[in-house]
Amino acid sequence: MDDENNLLHFLDDTPSSHYRKTCDGYSSQNDGDDQSDTSDADPSNARDRLETLLNQPANKFCADCGTPDPKWAALPFGAFICIKCSGTHRSLGVHISKCAQVISVNLDEWTDEEVNCLANSGGNATVNTKYEAFLPENYKKPRQDFATEDRAIFIRKKYELQQFVTNPQFACPLHKHGAEKRHNQQHSGSKHGTFRNSWRKKESENKGVKKMMDVGMVEFVGLIKVDIIRGTDLAVRDVMSSDPYVMIILGHQSMKTKVIKNTLNPIWNERLMLSIPDPVPPLKVLVFDKDTFTSDDRMGEAEVDIQPLISAAREYQSSIITESTQICTFLASENSILAKDSIISIVDGKVEQEIALRLQNVEHGELEIKLECVPLNQ
């Protein structure tokens, strides 16, 4: 494929870290999930229990905006939510794979542990009893037609800042002499830069909060599932081998796979899922070698233009196609970042694209991934 096709591009910036507070508790409770024995788990039983939870009256409406028939669940809180609210929930902790616990009722395979998480929370009724216990009477809780910005502000106040959990009347006022003492300390120390440093710290904190608010106010047009399949002939970053993992970045969101120890041909077969913001940015794919005592080494990177896949998914929504078919093909060439032809196709009602990447900015190495675009209304 020629460079002007603009399907994939070189990546030269570094990933940024994002907010993780909301999901830390849930992640720490499930640190041993990868080692647990789930051979006896019954997926059908998990699905039946999930349907029972969905049929509870309070769970038939989004916990945050009241949209009927919510199709997503925020596991860290145990709430059923709509897809528009799910975008803000994802921004509360999306950069670590176990933190991105906003999953689809219909599109994901549910485990007993995930259903237990929802069941133990008590569902939307219990969640709102806790997080909206002291919601002011005149406060306008978002409705399904509210703007993304208003929806995001409410969700962050509700879960991240927990402004409605306690009665503001019982907040302990600042004693006068304490305030005077702090005021005098600030002014007495200003000569030595104490006040100035405190002001700079506060300014930095405010910028961080504003950035997180901006992330949650992004309008989302759908979801993209990224299957990280395998790496081939990756570069050596340790003595004889490497400990590779993959990180994907889409706008302000990022997720990463597990680390595969001591191999240059890792097999992940791991699925990551991100919300698609509007305007749609490229999907950045980075491979790293995990180090214990030093910074992780880069093992290559690439950038994928997902606009063709999104366009195909939108066209499929309004079409009458029922059979599996190929939509378009992007041809590989010696100068292309594609290791082989990339095909967008419809398979079992899903719009997918298989891509074999030649990693850039590295001696050698390839990465196989598969993308699936999920429209906003699913």
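- For residues 355-364, the salt bridge (Lys or Arg N to Asp or Glu O under 4.0 Å) pairs, not counting sequence neighbours, are Arg237-Glu363.
- Formation of a donor-acceptor pair under 3.5 Å by the Ser342 side chain with backbone atoms of Phe330 is not found in this model.
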Begin with the C-alpha distance, continue with both residues' side-chain angles, and end with the deciding distance and a verdict on salt bridge (charged side-chain N to carboxylate O under 4.0 Å, His left out) for Lys157 and Glu160. CA-CA 6 Å; Lys157 285 183 177 181; Glu160 183 176 297; over 6 Å; no
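- Ring geometry, Tyr159 versus Phe77: the interplanar angle falls from 30° to 60°, so the pair is classed tilted.
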When you look at Asp348 and Lys350, which way does the salt bridge (charged side-chain N to carboxylate O under 4.0 Å, His left out) test go after all the steps? CA-CA 6 Å; Asp348 297 330; Lys350 302 175 183 177; over 6 Å; no
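- The only option from Glu270, Glu366, Glu368 that meets the salt bridge (Lys or Arg N to Asp or Glu O under 4.0 Å) definition with Arg230 turns out to be Glu368.
- A single hydrophobic cluster is seen to contain both Val127 and Val165, as judged by linkage of ILVMFWY side chains at heavy-atom distances under 4.5 Å, directly or through other members.
- Cluster membership for Val362 and Leu264, using ILVMFWY side-chain heavy atoms within less than 4.5 angstrom, is not shared.
- For the pair Trp268 (side chain) and Tyr245 (backbone), a donor-acceptor distance under 3.5 Å is absent.
- Taking 4.5 Å as the limit, every side-chain heavy atom of Asp69 sits out of range of all side-chain heavy atoms of Phe61.
- In this structure, Leu250 and Ile276 approach most closely via the heavy-atom pair CD2-CA, 4.0 Å.
- Hydrophobic clustering (side-chain heavy atoms under 4.5 Å, transitive across Ile, Leu, Val, Met, Phe, Trp, Tyr) keeps Ile369 apart from Ile229.
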Residues 135-142, side-chain donor-acceptor partners within the protein, below 3.5 Å, at least two apart:
residue, atom, partner, partner atom, Å
Lys141, NZ, Ala63, O, 3.2
Lys141, NZ, Glu132, OE1, 3.1
Lys141, NZ, Glu132, OE2, 2.8

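- Salt-bridge check for Lys290 with Asp297: failed, with every basic side-chain N at 4.0 Å or more from each acidic carboxylate O.
- Rounding to the nearest 0.5 Å places CG of Leu118 at 9.0 Å from CG of Asn124.
- At distances below 3.5 Å, at least one donor-acceptor pair connects side-chain atoms of Asn116 with backbone N or O atoms of Asp112.
- Between the side chains of Lys158 and Asn128, a donor-acceptor pair is found at a separation under 3.5 Å.
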